[in-house]
Amino acid sequence: DGPSDARMIRLYAEIPNELILLGSDKDMSKQAQTIVWDKTVLSPSGSETFPLHFHVPASIPDSTLLRFVARAETITRDPDNLNNKDTLDILIVSEADLSISKTIINGPEHVMAGENLTYMLEVRNHGPSHAVQVTITDELPFGMRFLEATGNAYYCELSHTVSWDIPFMANGEVLQRLLTARIGREVRGDNTLVNNAFVWSRTTDPDIFNNKSEASVLVGVPIELFIPEAFSPNGDGINEQFVIGGLFEHYPNNSLVVMDRFGKVVFRASPYMNNWDGRCMDGKPLPVGTYYYILDLKDGNSLKRFVYIIR
């Protein structure tokens, strides 16, 4: 600021330990975390800039405050030393762009009711920061039963979801998880089951539109009826109903009458919707044993067979 030329000027810049110095546009020297520039003379009211280029590592925690300190010295007498030093505070904001994709292993075009299906979930951290407290959630559709999953998965029966908690995902890291489910035998053919998967984290995500992925599968129509000889309405979620595969698809106007070994009718439905859960018509559970039924297909044919209740 004058009034004379400033001579033999030295500029110091103290940089935070967290940053990685890439360089400067002007000649400099480095002493530990201090950058030094030298200039021979600066005229009154003159100015000059000394750029610095840094890399901000992805490992720096969110909301970290970095402080830069700069000071200038000269052999020329300075009447005001109070403005020879300045500080700059920079708040680090972490951002991690997470994406998820979901595919069916081997990619079958359709599956049959009662068959298993395995999904591959792939989560990628596109950075630029690391992601913390990552959660992956898979919403199973109605008619699909969870069997198993890799990577410390948690199944919530109430919400019918499978979740994974990942404490930390580095920038560029890719995670893969497998999930196996079974198509319920009560699911009618020609239905499409849509399975949605989501990912999010505590770290800010600059693009939330790639945080969801879905996979669809078509349930095939059985060529002929599949009638089980037993079912187990015991509350474990497997084979809870007497399900006749292909019944509704081929014979929607059917009727079913079930009798105990004494000939007493314990269940009746017209049409039968694959929903008998081993209870009598008064709602009480029937005992373990063999039951006889007449399945009228309403095409001039009737099937007279037995089914066994297991508990």
field: Where Q33 and N17 come nearest, the two heavy atoms and their spacing
entry: CG-OD1, 2.9 Å

statement: Smallest heavy-atom separation, P61 atom then I92 atom, equals O-CG2, 4.2 Å

Is any side-chain N of the basic residue among [X] and [Y] closer than 4.0 Å to the acidic one's carboxylate O?
| X | Y | value |
| --- | --- | --- |
| D5 | R7 | yes |
| D62 | R202 | no |
| R145 | E186 | yes |

field: N/O donor-acceptor pair under 3.5 Å between H130 side chain and N171 backbone
entry: yes

Side chains of [X] and [Y]: donor-acceptor distance under 3.5 Å anywhere?
| X | Y | result |
| --- | --- | --- |
| D97 | N210 | yes |
| N211 | D205 | yes |
| R182 | N116 | yes |
| T161 | T137 | no |

Show me the donor-acceptor pairs, under 3.5 Å and distance only, between side chains in residues 46-54 and residues at least two apart or in other chains.
from : atom 1 : to  : atom 2 : distance (Å)
E48  : OE1    : K39 : NZ     : 2.7
E48  : OE2    : K26 : NZ     : 2.5
H53  : NE2    : D25 : OD1    : 3.0

task: Report the hydrophobic cluster partners of V243, with the cluster defined as I, L, V, M, F, W, Y residues connected by side-chain heavy atoms closer than 4.5 angstrom, directly or transitively.
output: none

- prompt: Think K212 forms a cation-pi with F198, using NZ or CZ under 6.0 Å from the six-ring centre and within 45 degrees of its axis?
  reply: no

message: In this structure, is the centre-to-centre distance between the rings of F242 and Y293 below 6.0 Å?
response: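 Ring centres of F242 and Y293 closer than 6.0 Å.
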
May I have the list of side-chain donor-acceptor pairs in residues 222-236 shorter than 3.5 Å, sequence neighbours left out?
from : atom 1 : to   : atom 2 : distance (Å)
S232 : OG     : I238 : O      : 3.4
N234 : OD1    : D236 : N      : 3.2
D236 : OD1    : I238 : N      : 2.9

